[in-house]
There are 2 protein chains.
Amino acid sequence: MIRVLVADDHAVVRAGIVALLDEHDDIDVVGQAADGLAAVEEARRLRPDLVVMDVRMPGATGDEATARIRAELPGTRVLILTTYETDATILAAIEAGASGYLLKAAPADEIVEGVRSVARGETALSPAIAAQLVARLRAPAPVELTARELDVLRLVAAGCSNRVIGERLFIGEATVKSHLLKAFEKLGVHDRTRAVTLAMERGLL
Amino acid sequence: MIRVLVADDHAVVRAGIVALLDEHDDIDVVGQAADGLAAVEEARRLRPDLVVMDVRMPGATGDEATARIRAELPGTRVLILTTYETDATILAAIEAGASGYLLKAAPADEIVEGVRSVARGETALSPAIAAQLVARLRAPAPVELTARELDVLRLVAAGCSNRVIGERLFIGEATVKSHLLKAFEKLGVHDRTRAVTLAMERGLL
DNA sequence: GCCTCCCTCCACCGATCGGTGGAGGCGGGG
DNA sequence: CCCCGCCTCCACCGATCGGTGGAGGGAGGC
(Lines give C-alpha, C1' and ligand atoms only; values in the text may rest on other atoms or scores of the structure.)
Protein backbone atom coordinates (compact mmCIF):
# COMPACT_ATOMS: atom_id res chain seq x y z
CA MET A 1 0.00 0.00 0.00
CA ILE A 2 1.47 3.34 -1.09
CA ARG A 3 0.56 6.12 1.32
CA VAL A 4 0.35 9.43 -0.53
CA LEU A 5 0.10 13.08 0.52
CA VAL A 6 -1.27 15.45 -2.14
CA ALA A 7 -0.16 19.10 -2.11
CA ASP A 8 -1.55 21.67 -4.54
CA ASP A 9 -3.00 25.12 -4.05
CA HIS A 10 -5.78 24.45 -6.58
CA ALA A 11 -8.73 22.65 -5.02
CA VAL A 12 -9.67 21.35 -8.45
CA VAL A 13 -6.28 19.82 -9.11
CA ARG A 14 -6.13 18.35 -5.62
CA ALA A 15 -9.48 16.67 -6.14
CA GLY A 16 -8.31 15.41 -9.53
CA ILE A 17 -5.15 13.79 -8.23
CA VAL A 18 -7.04 12.23 -5.35
CA ALA A 19 -9.72 10.92 -7.70
CA LEU A 20 -7.14 9.46 -10.06
CA LEU A 21 -5.10 7.79 -7.35
CA ASP A 22 -7.79 6.63 -4.96
CA GLU A 23 -9.45 4.38 -7.48
CA HIS A 24 -6.40 2.13 -7.38
CA ASP A 25 -6.26 -0.42 -4.57
CA ASP A 26 -2.53 -0.19 -4.05
CA ILE A 27 -2.61 3.58 -3.47
CA ASP A 28 -4.01 5.33 -0.42
CA VAL A 29 -4.29 9.11 -0.27
CA VAL A 30 -3.77 9.82 3.41
CA GLY A 31 -3.74 13.62 3.36
CA GLN A 32 -3.91 16.86 1.45
CA ALA A 33 -2.28 20.28 1.72
CA ALA A 34 -3.06 23.58 0.02
CA ASP A 35 0.35 25.24 0.22
CA GLY A 36 4.02 24.54 0.69
CA LEU A 37 4.19 25.06 4.44
CA ALA A 38 1.16 22.86 5.05
CA ALA A 39 2.73 20.21 2.84
CA VAL A 40 5.83 20.09 5.03
CA GLU A 41 3.78 19.97 8.22
CA GLU A 42 1.45 17.27 6.96
CA ALA A 43 4.37 15.23 5.70
CA ARG A 44 5.99 15.51 9.13
CA ARG A 45 2.77 14.37 10.81
CA LEU A 46 1.65 11.65 8.39
CA ARG A 47 5.03 10.36 7.23
CA PRO A 48 3.69 9.26 3.84
CA ASP A 49 5.68 7.16 1.39
CA LEU A 50 5.20 9.80 -1.22
CA VAL A 51 4.25 13.46 -1.62
CA VAL A 52 2.69 14.50 -4.92
CA MET A 53 3.32 18.23 -5.15
CA ASP A 54 2.76 21.19 -7.45
CA VAL A 55 5.81 23.35 -8.21
CA ARG A 56 4.11 26.68 -7.80
CA MET A 57 2.43 27.17 -4.47
CA PRO A 58 2.02 30.00 -1.99
CA GLY A 59 3.78 29.71 1.36
CA ALA A 60 6.79 27.75 0.19
CA THR A 61 7.53 26.88 -3.41
CA GLY A 62 7.59 23.25 -4.44
CA ASP A 63 11.36 23.01 -4.43
CA GLU A 64 11.71 24.59 -0.99
CA ALA A 65 9.12 22.22 0.42
CA THR A 66 10.84 19.33 -1.35
CA ALA A 67 14.19 20.19 0.19
CA ARG A 68 12.72 20.38 3.68
CA ILE A 69 10.82 17.14 3.37
CA ARG A 70 13.84 15.31 1.99
CA ALA A 71 15.98 16.66 4.81
CA GLU A 72 13.61 15.73 7.61
CA LEU A 73 12.01 12.57 6.28
CA PRO A 74 14.41 10.32 4.41
CA GLY A 75 11.68 7.72 3.95
CA THR A 76 9.40 10.10 2.07
CA ARG A 77 9.87 10.63 -1.64
CA VAL A 78 8.58 13.56 -3.67
CA LEU A 79 6.91 13.55 -7.07
CA ILE A 80 6.49 16.98 -8.68
CA LEU A 81 3.57 17.84 -10.94
CA THR A 82 3.91 20.84 -13.19
CA THR A 83 1.79 22.59 -15.79
CA TYR A 84 4.55 23.73 -18.11
CA GLU A 85 7.26 21.60 -19.61
CA THR A 86 9.46 24.68 -19.94
CA ASP A 87 9.26 25.44 -16.26
CA ALA A 88 12.51 26.93 -15.06
CA THR A 89 12.08 25.21 -11.70
CA ILE A 90 12.66 21.71 -13.06
CA LEU A 91 16.34 21.71 -12.21
CA ALA A 92 15.78 23.36 -8.84
CA ALA A 93 13.24 20.73 -7.84
CA ILE A 94 15.42 17.84 -8.89
CA GLU A 95 18.40 19.33 -7.10
CA ALA A 96 16.15 19.69 -4.06
CA GLY A 97 15.66 15.94 -4.14
CA ALA A 98 12.51 15.25 -6.12
CA SER A 99 12.29 11.71 -7.48
CA GLY A 100 10.02 12.57 -10.36
CA TYR A 101 8.63 15.34 -12.49
CA LEU A 102 5.41 14.83 -14.44
CA LEU A 103 3.20 17.11 -16.50
CA LYS A 104 -0.35 17.75 -15.42
CA ALA A 105 -1.31 17.23 -19.04
CA ALA A 106 -0.07 13.64 -18.84
CA PRO A 107 -2.68 10.89 -19.25
CA ALA A 108 -4.09 9.47 -16.04
CA ASP A 109 -2.33 6.11 -16.26
CA GLU A 110 1.04 7.79 -16.76
CA ILE A 111 0.55 9.71 -13.53
CA VAL A 112 -0.54 6.61 -11.62
CA GLU A 113 2.38 4.66 -13.02
CA GLY A 114 4.70 7.53 -12.04
CA VAL A 115 3.46 7.31 -8.46
CA ARG A 116 4.16 3.58 -8.37
CA SER A 117 7.61 4.01 -9.92
CA VAL A 118 8.66 6.65 -7.43
CA ALA A 119 7.28 4.59 -4.55
CA ARG A 120 9.47 1.71 -5.73
CA GLY A 121 12.46 4.03 -5.53
CA GLU A 122 12.69 4.66 -9.24
CA THR A 123 12.58 7.99 -11.06
CA ALA A 124 9.60 9.19 -13.08
CA LEU A 125 10.02 11.84 -15.77
CA SER A 126 7.61 12.97 -18.43
CA PRO A 127 9.14 12.64 -21.90
CA ALA A 128 8.94 16.40 -22.43
CA ILE A 129 10.66 17.01 -19.09
CA ALA A 130 13.38 14.49 -19.86
CA ALA A 131 13.99 16.26 -23.17
CA GLN A 132 14.35 19.55 -21.32
CA LEU A 133 16.90 18.03 -18.99
CA VAL A 134 19.14 16.57 -21.67
CA ALA A 135 18.90 19.86 -23.56
CA ARG A 136 20.13 21.66 -20.44
CA LEU A 137 22.93 19.18 -19.95
CA ARG A 138 23.98 19.59 -23.55
CA ALA A 139 24.33 23.31 -22.97
CA PRO A 140 27.83 23.53 -21.40
CA ALA A 141 27.21 26.85 -19.66
CA PRO A 142 23.79 26.96 -17.96
CA VAL A 143 23.96 30.79 -18.12
CA GLU A 144 24.26 32.08 -14.62
CA LEU A 145 23.97 35.81 -14.18
CA THR A 146 25.47 37.54 -11.16
CA ALA A 147 23.28 39.41 -8.69
CA ARG A 148 24.39 42.74 -10.09
CA GLU A 149 23.75 41.73 -13.67
CA LEU A 150 20.23 40.73 -12.67
CA ASP A 151 19.72 44.04 -10.86
CA VAL A 152 20.68 45.91 -14.00
CA LEU A 153 18.61 43.68 -16.26
CA ARG A 154 15.52 44.13 -14.13
CA LEU A 155 15.80 47.90 -14.47
CA VAL A 156 16.39 47.56 -18.20
CA ALA A 157 13.17 45.57 -18.36
CA ALA A 158 11.47 48.43 -16.54
CA GLY A 159 12.55 50.74 -19.34
CA CYS A 160 15.36 52.59 -17.59
CA SER A 161 18.30 54.08 -19.47
CA ASN A 162 21.82 53.21 -18.38
CA ARG A 163 22.20 56.53 -16.63
CA VAL A 164 18.99 56.10 -14.64
CA ILE A 165 19.97 52.55 -13.73
CA GLY A 166 23.27 53.91 -12.44
CA GLU A 167 21.46 56.44 -10.27
CA ARG A 168 19.05 53.85 -8.90
CA LEU A 169 21.82 51.39 -8.04
CA PHE A 170 24.27 54.11 -6.89
CA ILE A 171 26.90 53.14 -9.44
CA GLY A 172 28.36 54.86 -12.48
CA GLU A 173 26.88 54.60 -15.93
CA ALA A 174 30.10 52.93 -17.10
CA THR A 175 29.55 50.19 -14.54
CA VAL A 176 26.02 49.64 -15.79
CA LYS A 177 27.29 49.21 -19.32
CA SER A 178 29.95 46.86 -18.14
CA HIS A 179 27.39 44.65 -16.36
CA LEU A 180 25.16 44.73 -19.40
CA LEU A 181 27.95 43.71 -21.75
CA LYS A 182 28.80 40.81 -19.45
CA ALA A 183 25.18 39.74 -19.43
CA PHE A 184 24.95 40.05 -23.24
CA GLU A 185 27.98 37.82 -23.57
CA LYS A 186 26.60 35.18 -21.21
CA LEU A 187 23.24 35.19 -22.95
CA GLY A 188 24.73 35.21 -26.42
CA VAL A 189 22.89 38.37 -27.35
CA HIS A 190 23.68 41.77 -28.78
CA ASP A 191 21.02 44.10 -27.45
CA ARG A 192 19.27 44.92 -24.20
CA THR A 193 15.79 44.04 -25.37
CA ARG A 194 16.64 40.51 -26.46
CA ALA A 195 18.63 40.09 -23.25
CA VAL A 196 15.51 40.88 -21.22
CA THR A 197 13.16 38.63 -23.19
CA LEU A 198 15.65 35.77 -23.13
CA ALA A 199 16.23 36.14 -19.40
CA MET A 200 12.47 36.05 -18.90
CA GLU A 201 12.12 32.94 -21.05
CA ARG A 202 14.82 31.25 -19.01
CA GLY A 203 13.07 32.21 -15.81
CA LEU A 204 16.04 34.29 -14.68
CA LEU A 205 14.10 37.52 -14.29
CA MET B 1 -30.58 18.04 -12.66
CA ILE B 2 -27.78 20.06 -14.28
CA ARG B 3 -26.13 18.18 -17.15
CA VAL B 4 -22.47 19.19 -17.44
CA LEU B 5 -19.75 18.66 -20.04
CA VAL B 6 -16.17 19.06 -18.76
CA ALA B 7 -13.45 20.19 -21.20
CA ASP B 8 -9.80 20.47 -20.18
CA ASP B 9 -6.60 19.19 -21.75
CA HIS B 10 -5.21 18.16 -18.35
CA ALA B 11 -6.45 14.72 -17.29
CA VAL B 12 -5.78 15.66 -13.69
CA VAL B 13 -7.90 18.78 -13.82
CA ARG B 14 -10.68 16.98 -15.67
CA ALA B 15 -10.79 14.32 -12.98
CA GLY B 16 -10.80 17.02 -10.33
CA ILE B 17 -13.75 18.91 -11.75
CA VAL B 18 -15.67 15.69 -12.26
CA ALA B 19 -14.91 14.60 -8.71
CA LEU B 20 -15.99 17.95 -7.29
CA LEU B 21 -19.22 18.12 -9.27
CA ASP B 22 -20.32 14.49 -9.26
CA GLU B 23 -20.63 14.30 -5.51
CA HIS B 24 -23.57 16.69 -5.69
CA ASP B 25 -26.95 15.14 -6.45
CA ASP B 26 -28.20 18.03 -8.56
CA ILE B 27 -25.23 17.89 -10.94
CA ASP B 28 -24.58 15.18 -13.51
CA VAL B 29 -21.34 15.12 -15.51
CA VAL B 30 -22.46 13.64 -18.82
CA GLY B 31 -19.24 13.92 -20.80
CA GLN B 32 -15.61 15.01 -21.02
CA ALA B 33 -13.37 16.45 -23.73
CA ALA B 34 -9.61 16.90 -23.90
CA ASP B 35 -9.41 19.77 -26.39
CA GLY B 36 -11.42 22.59 -27.88
CA LEU B 37 -12.62 20.78 -30.99
CA ALA B 38 -13.73 17.74 -29.01
CA ALA B 39 -15.55 20.09 -26.64
CA VAL B 40 -17.59 21.54 -29.50
CA GLU B 41 -18.37 18.10 -30.92
CA GLU B 42 -19.36 16.64 -27.58
CA ALA B 43 -21.50 19.66 -26.79
CA ARG B 44 -23.24 19.21 -30.15
CA ARG B 45 -23.85 15.54 -29.41
CA LEU B 46 -24.76 15.68 -25.73
CA ARG B 47 -26.48 19.09 -25.63
CA PRO B 48 -25.55 19.68 -21.98
CA ASP B 49 -26.95 22.52 -19.92
CA LEU B 50 -23.44 23.70 -19.17
CA VAL B 51 -19.88 23.32 -20.43
CA VAL B 52 -17.11 23.82 -17.89
CA MET B 53 -14.07 24.70 -19.96
CA ASP B 54 -10.41 25.62 -19.61
CA VAL B 55 -9.24 28.75 -21.47
CA ARG B 56 -6.05 27.29 -22.82
CA MET B 57 -6.50 24.14 -24.82
CA PRO B 58 -5.02 22.66 -27.97
CA GLY B 59 -7.26 22.36 -31.02
CA ALA B 60 -9.40 25.38 -30.38
CA THR B 61 -8.85 27.88 -27.59
CA GLY B 62 -11.49 28.26 -24.95
CA ASP B 63 -12.95 31.42 -26.41
CA GLU B 64 -13.18 29.97 -29.94
CA ALA B 65 -14.93 26.90 -28.62
CA THR B 66 -17.18 29.12 -26.52
CA ALA B 67 -18.19 31.19 -29.53
CA ARG B 68 -19.03 28.09 -31.58
CA ILE B 69 -21.01 26.45 -28.81
CA ARG B 70 -22.96 29.62 -28.13
CA ALA B 71 -23.70 30.02 -31.83
CA GLU B 72 -24.91 26.47 -32.38
CA LEU B 73 -26.50 25.63 -29.04
CA PRO B 74 -28.38 28.51 -27.50
CA GLY B 75 -29.52 26.28 -24.63
CA THR B 76 -25.97 25.50 -23.55
CA ARG B 77 -24.09 27.91 -21.30
CA VAL B 78 -20.34 28.09 -20.83
CA LEU B 79 -18.37 28.47 -17.61
CA ILE B 80 -14.67 29.19 -18.05
CA LEU B 81 -12.02 27.97 -15.61
CA THR B 82 -8.63 29.64 -15.68
CA THR B 83 -5.37 29.33 -13.80
CA TYR B 84 -4.32 32.97 -13.87
CA GLU B 85 -6.36 35.91 -12.78
CA THR B 86 -4.35 38.15 -15.09
CA ASP B 87 -5.19 36.09 -18.11
CA ALA B 88 -5.52 38.29 -21.17
CA THR B 89 -8.24 36.03 -22.54
CA ILE B 90 -10.81 37.03 -19.93
CA LEU B 91 -12.38 39.68 -22.12
CA ALA B 92 -12.23 37.51 -25.24
CA ALA B 93 -14.05 34.68 -23.50
CA ILE B 94 -16.76 36.92 -22.12
CA GLU B 95 -17.22 38.57 -25.49
CA ALA B 96 -17.47 35.08 -26.95
CA GLY B 97 -20.44 34.47 -24.71
CA ALA B 98 -19.15 32.80 -21.56
CA SER B 99 -21.51 33.12 -18.58
CA GLY B 100 -18.83 32.78 -15.96
CA TYR B 101 -15.13 32.92 -15.30
CA LEU B 102 -13.68 31.18 -12.24
CA LEU B 103 -10.16 30.57 -10.98
CA LYS B 104 -8.92 27.01 -10.61
CA ALA B 105 -7.53 28.10 -7.27
CA ALA B 106 -11.06 28.84 -6.04
CA PRO B 107 -12.35 26.69 -3.18
CA ALA B 108 -14.45 23.70 -4.18
CA ASP B 109 -17.77 25.09 -3.00
CA GLU B 110 -17.23 28.31 -4.93
CA ILE B 111 -16.82 26.31 -8.12
CA VAL B 112 -19.89 24.16 -7.43
CA GLU B 113 -21.89 27.27 -6.61
CA GLY B 114 -20.64 28.86 -9.82
CA VAL B 115 -21.94 25.91 -11.81
CA ARG B 116 -25.36 26.21 -10.17
CA SER B 117 -25.47 29.99 -10.74
CA VAL B 118 -24.63 29.72 -14.42
CA ALA B 119 -27.14 26.88 -14.87
CA ARG B 120 -29.79 29.19 -13.39
CA GLY B 121 -28.88 31.74 -16.03
CA GLU B 122 -26.86 33.96 -13.74
CA THR B 123 -23.26 35.04 -14.10
CA ALA B 124 -20.40 33.68 -12.01
CA LEU B 125 -17.16 35.62 -11.61
CA SER B 126 -14.30 35.06 -9.21
CA PRO B 127 -13.60 38.18 -7.14
CA ALA B 128 -10.14 38.52 -8.66
CA ILE B 129 -11.59 38.24 -12.17
CA ALA B 130 -14.28 40.79 -11.41
CA ALA B 131 -11.60 43.16 -10.15
CA GLN B 132 -9.69 42.70 -13.41
CA LEU B 133 -12.79 43.53 -15.39
CA VAL B 134 -13.64 46.74 -13.59
CA ALA B 135 -9.97 47.74 -13.83
CA ARG B 136 -10.16 47.28 -17.59
CA LEU B 137 -13.37 49.23 -17.81
CA ARG B 138 -11.86 52.03 -15.79
CA ALA B 139 -9.04 52.25 -18.31
CA PRO B 140 -10.58 54.33 -21.10
CA ALA B 141 -8.16 53.08 -23.76
CA PRO B 142 -7.68 49.31 -23.50
CA VAL B 143 -4.44 49.69 -25.52
CA GLU B 144 -5.01 48.04 -28.84
CA LEU B 145 -2.00 47.67 -31.06
CA THR B 146 -2.40 47.28 -34.80
CA ALA B 147 -1.24 44.15 -36.60
CA ARG B 148 1.78 45.95 -37.97
CA GLU B 149 2.77 47.36 -34.60
CA LEU B 150 2.64 43.87 -33.17
CA ASP B 151 4.75 42.52 -36.05
CA VAL B 152 7.39 45.13 -35.30
CA LEU B 153 7.24 44.61 -31.55
CA ARG B 154 7.67 40.86 -31.90
CA LEU B 155 10.86 41.39 -33.89
CA VAL B 156 12.07 43.94 -31.36
CA ALA B 157 11.55 41.29 -28.69
CA ALA B 158 13.68 38.97 -30.80
CA GLY B 159 16.51 41.48 -30.60
CA CYS B 160 16.32 42.91 -34.12
CA SER B 161 17.44 46.44 -34.94
CA ASN B 162 15.06 48.72 -36.78
CA ARG B 163 16.91 48.17 -40.04
CA VAL B 164 16.72 44.39 -39.75
CA ILE B 165 13.04 44.59 -38.85
CA GLY B 166 12.49 46.65 -41.98
CA GLU B 167 14.23 44.01 -44.10
CA ARG B 168 12.24 41.19 -42.55
CA LEU B 169 8.92 42.93 -43.03
CA PHE B 170 9.84 44.40 -46.44
CA ILE B 171 9.30 47.96 -45.28
CA GLY B 172 11.62 50.93 -44.77
CA GLU B 173 13.45 51.62 -41.55
CA ALA B 174 11.52 54.88 -41.23
CA THR B 175 8.28 52.92 -41.24
CA VAL B 176 9.54 50.67 -38.50
CA LYS B 177 10.35 53.68 -36.35
CA SER B 178 6.98 55.15 -37.07
CA HIS B 179 5.20 51.97 -35.95
CA LEU B 180 7.36 51.81 -32.86
CA LEU B 181 6.66 55.41 -31.90
CA LYS B 182 2.94 54.76 -32.29
CA ALA B 183 3.23 51.70 -30.09
CA PHE B 184 5.25 53.63 -27.48
CA GLU B 185 2.55 56.26 -27.39
CA LYS B 186 -0.23 53.72 -26.95
CA LEU B 187 1.64 51.89 -24.24
CA GLY B 188 2.73 55.07 -22.48
CA VAL B 189 6.37 54.14 -22.76
CA HIS B 190 9.58 55.71 -24.00
CA ASP B 191 11.82 52.83 -25.04
CA ARG B 192 11.59 49.59 -26.98
CA THR B 193 12.56 47.32 -24.11
CA ARG B 194 9.83 48.53 -21.77
CA ALA B 195 7.37 48.39 -24.66
CA VAL B 196 8.16 44.70 -25.13
CA THR B 197 7.96 43.77 -21.45
CA LEU B 198 4.72 45.72 -21.03
CA ALA B 199 3.17 44.14 -24.11
CA MET B 200 4.12 40.74 -22.73
CA GLU B 201 2.59 41.55 -19.35
CA ARG B 202 -0.60 42.61 -21.05
CA GLY B 203 -0.67 39.40 -23.04
CA LEU B 204 -0.42 41.29 -26.33
CA LEU B 205 2.71 39.56 -27.49
C1' DG C 1 50.51 33.93 -1.42
C1' DC C 2 48.28 33.62 -5.72
C1' DC C 3 44.51 33.21 -8.67
C1' DT C 4 39.89 33.92 -9.99
C1' DC C 5 35.63 36.17 -9.93
C1' DC C 6 32.83 40.01 -9.05
C1' DC C 7 32.15 44.82 -8.79
C1' DT C 8 33.61 49.29 -9.78
C1' DC C 9 35.17 52.95 -13.09
C1' DC C 10 37.38 55.62 -17.28
C1' DA C 11 37.70 57.39 -22.37
C1' DC C 12 36.47 57.02 -26.86
C1' DC C 13 33.98 55.70 -31.18
C1' DG C 14 30.45 54.55 -34.55
C1' DA C 15 25.87 52.74 -34.76
C1' DT C 16 21.44 52.85 -33.38
C1' DC C 17 17.51 54.84 -31.28
C1' DG C 18 13.94 58.33 -29.78
C1' DG C 19 11.59 62.14 -31.44
C1' DT C 20 9.96 65.94 -34.67
C1' DG C 21 7.43 67.31 -38.42
C1' DG C 22 6.01 66.36 -42.09
C1' DA C 23 3.96 63.53 -46.69
C1' DG C 24 0.85 60.36 -49.66
C1' DG C 25 -2.18 56.33 -50.55
C1' DC C 26 -5.86 53.31 -49.39
C1' DG C 27 -9.81 51.38 -47.31
C1' DG C 28 -14.09 51.61 -44.39
C1' DG C 29 -17.95 54.25 -42.03
C1' DG C 30 -20.89 58.20 -41.42
C1' DC D 1 -18.21 62.43 -50.42
C1' DC D 2 -15.31 63.21 -46.82
C1' DC D 3 -12.99 61.92 -42.80
C1' DC D 4 -10.37 58.83 -40.15
C1' DG D 5 -7.28 55.21 -39.20
C1' DC D 6 -3.66 52.39 -40.87
C1' DC D 7 0.41 51.77 -43.48
C1' DT D 8 4.07 53.60 -45.97
C1' DC D 9 8.09 56.82 -46.38
C1' DC D 10 11.46 61.05 -45.93
C1' DA D 11 15.07 64.25 -43.52
C1' DC D 12 17.20 65.72 -39.60
C1' DC D 13 18.93 65.97 -34.75
C1' DG D 14 20.60 64.92 -30.16
C1' DA D 15 20.68 61.18 -26.93
C1' DT D 16 21.62 56.74 -25.96
C1' DC D 17 23.62 52.37 -26.75
C1' DG D 18 26.98 48.63 -28.13
C1' DG D 19 31.67 47.71 -28.06
C1' DT D 20 36.85 48.23 -27.18
C1' DG D 21 40.48 48.25 -24.17
C1' DG D 22 41.78 49.04 -20.44
C1' DA D 23 42.23 49.80 -14.70
C1' DG D 24 41.91 48.78 -9.54
C1' DG D 25 40.03 46.72 -5.23
C1' DG D 26 37.86 43.18 -2.37
C1' DA D 27 36.25 38.28 -1.33
C1' DG D 28 36.91 33.53 -1.53
C1' DG D 29 39.32 29.11 -2.81
C1' DC D 30 43.65 26.36 -3.49
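Just so you know, these numbers use all the heavy atoms, side chains as well, and skip hydrogens, waters and symmetry mates. Every chain is numbered from 1 and lettered A, B, ... according to where its sequence line falls, protein lines coming before strand lines.
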Chemist: Yes or no on side-chain contact (heavy atoms from CB on, under 4.5 Å) for K104(B) and D54(B), after CA distance, side-chain angles and deciding distance?
Modeler: CA-CA 9 Å; K104(B) 286 184 185 172; D54(B) 191 8; 3.4 Å; yes
Chemist: Return the value, rounded to whole Å, for the distance between atom CG of L169(A) and atom P of dC9(C).
Modeler: 11 Å
Chemist: What is the distance from CD of E173(A) to C1' of dT16(D), rounded to the nearest Å?
Modeler: 8 Å
Chemist: Quick check: do I17(A) and Q32(A) have side-chain heavy atoms less than 4.5 Å from each other?
Modeler: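 The answer is no; the side chains never approach within 4.5 Å.
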Chemist: The side chain of D191(A) lies closest to which of these nucleotides: dC10(C), dG19(C), dG18(D)?
Modeler: dG18(D)
Chemist: What is the distance from CG of L145(A) to C1' of dC5(C), rounded to the nearest Å?
Modeler: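 Nearest whole value for this atom pair: 15 Å.
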Chemist: Quickly, which of D49(B), V30(B), D28(B) forms a side-chain contact (heavy atoms from CB on, under 4.5 Å) with M1(B)? Name it, please.
Modeler: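 For M1(B), the side-chain contact (heavy atoms from CB on, under 4.5 Å) test succeeds with only one of D49(B), V30(B), D28(B), which is D28(B).
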Chemist: If you look at every strand shown and take non-hydrogen atoms under 4.0 Å, does L181(A) touch a base, only sugar-phosphate, or nothing?
Modeler: base
Chemist: Give a yes or no answer on whether the side chain of T193(B) reaches the backbone of V156(A) with a donor-acceptor pair at less than 3.5 Å.
Modeler: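 No, because the side chain of T193(B) does not come within donor-acceptor range (under 3.5 Å) of the backbone of V156(A).
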Chemist: Restricting to non-hydrogen atoms, name the atom on A106(B) and the atom on A11(A) that form the minimum distance, rounded to 0.1 Å.
Modeler: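 Heavy atoms of A106(B) and A11(A) come nearest at O-CB, 3.6 Å.
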Chemist: Has the side chain of R70(A) got a donor or acceptor atom that lies under 3.5 Å from a matching backbone atom of T76(A)?
Modeler: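 Here the side-chain-to-backbone pair exists.
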Chemist: For K177(A), which contact category applies under a 4.0 Å heavy-atom criterion: base, sugar-phosphate, or nothing?
Modeler: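 Base, at least one base atom sits under 4.0 Å.
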Chemist: Please state how far atom CG in L180(A) lies from atom P in dC17(D), giving the value in whole angstrom units.
Modeler: 9 Å
Chemist: Over the length of the helix from dG1(C)-dC30(D) to dG30(C)-dC1(D), how much do the five-pair end axes diverge, rounded to 10 degrees?
Modeler: 50°
Chemist: Round to a whole Å and report the spacing from CZ of F170(A) to P of dC9(C).
Modeler: 12 Å
Chemist: To the nearest angstrom, how far is F184(B) atom CZ from dG19(C) atom C1'?
Modeler: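 It works out to 10 Å between those atoms.
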Chemist: Let me confirm one number: the CG-CG distance from D151(A) to L145(A), rounded to the nearest 0.5 Å.
Modeler: 11.0 Å
Chemist: To the nearest Å, give me how far apart NZ (K182(B)) and C1' (dC6(D)) are.
Modeler: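 That distance rounds to 8 Å.
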Chemist: Could you check which residues of residues 146-163 of chain A get a heavy atom under 4.0 Å from DNA chain D? Sort them by number, please.
Modeler: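 Within residues 146-163 of chain A, the residues near DNA chain D are S161(A), N162(A), R163(A).
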Chemist: Compare side-chain N and O positions of T175(B) against OP1 and OP2 of dC9(D) and report whether any pair is under 4.0 Å apart.
Modeler: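 True: T175(B) side-chain N/O within range (under 4.0 Å) of dC9(D) OP1/OP2.
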Chemist: How many whole angstroms separate atom CD1 of I171(B) from atom C1' of dC10(D)?
Modeler: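 Going from CD1 in I171(B) over to C1' in dC10(D) covers 14 Å.
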Chemist: Please confirm whether the backbone N or O of D8(B) pairs with a side-chain atom of R14(B), one donor and one acceptor, at under 3.5 Å?
Modeler: yes
Chemist: Base, sugar-phosphate alone, or nothing: which one does H179(A) contact when heavy atoms must sit under 4.0 Å apart?
Modeler: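 Since a base atom lies under 4.0 Å of H179(A), the category is base.
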Chemist: Working to the nearest 0.5 Å, report the span between CD of E144(A) and CD of E149(A).
Modeler: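 Atom-to-atom, E144(A):CD and E149(A):CD are 11.0 Å apart.
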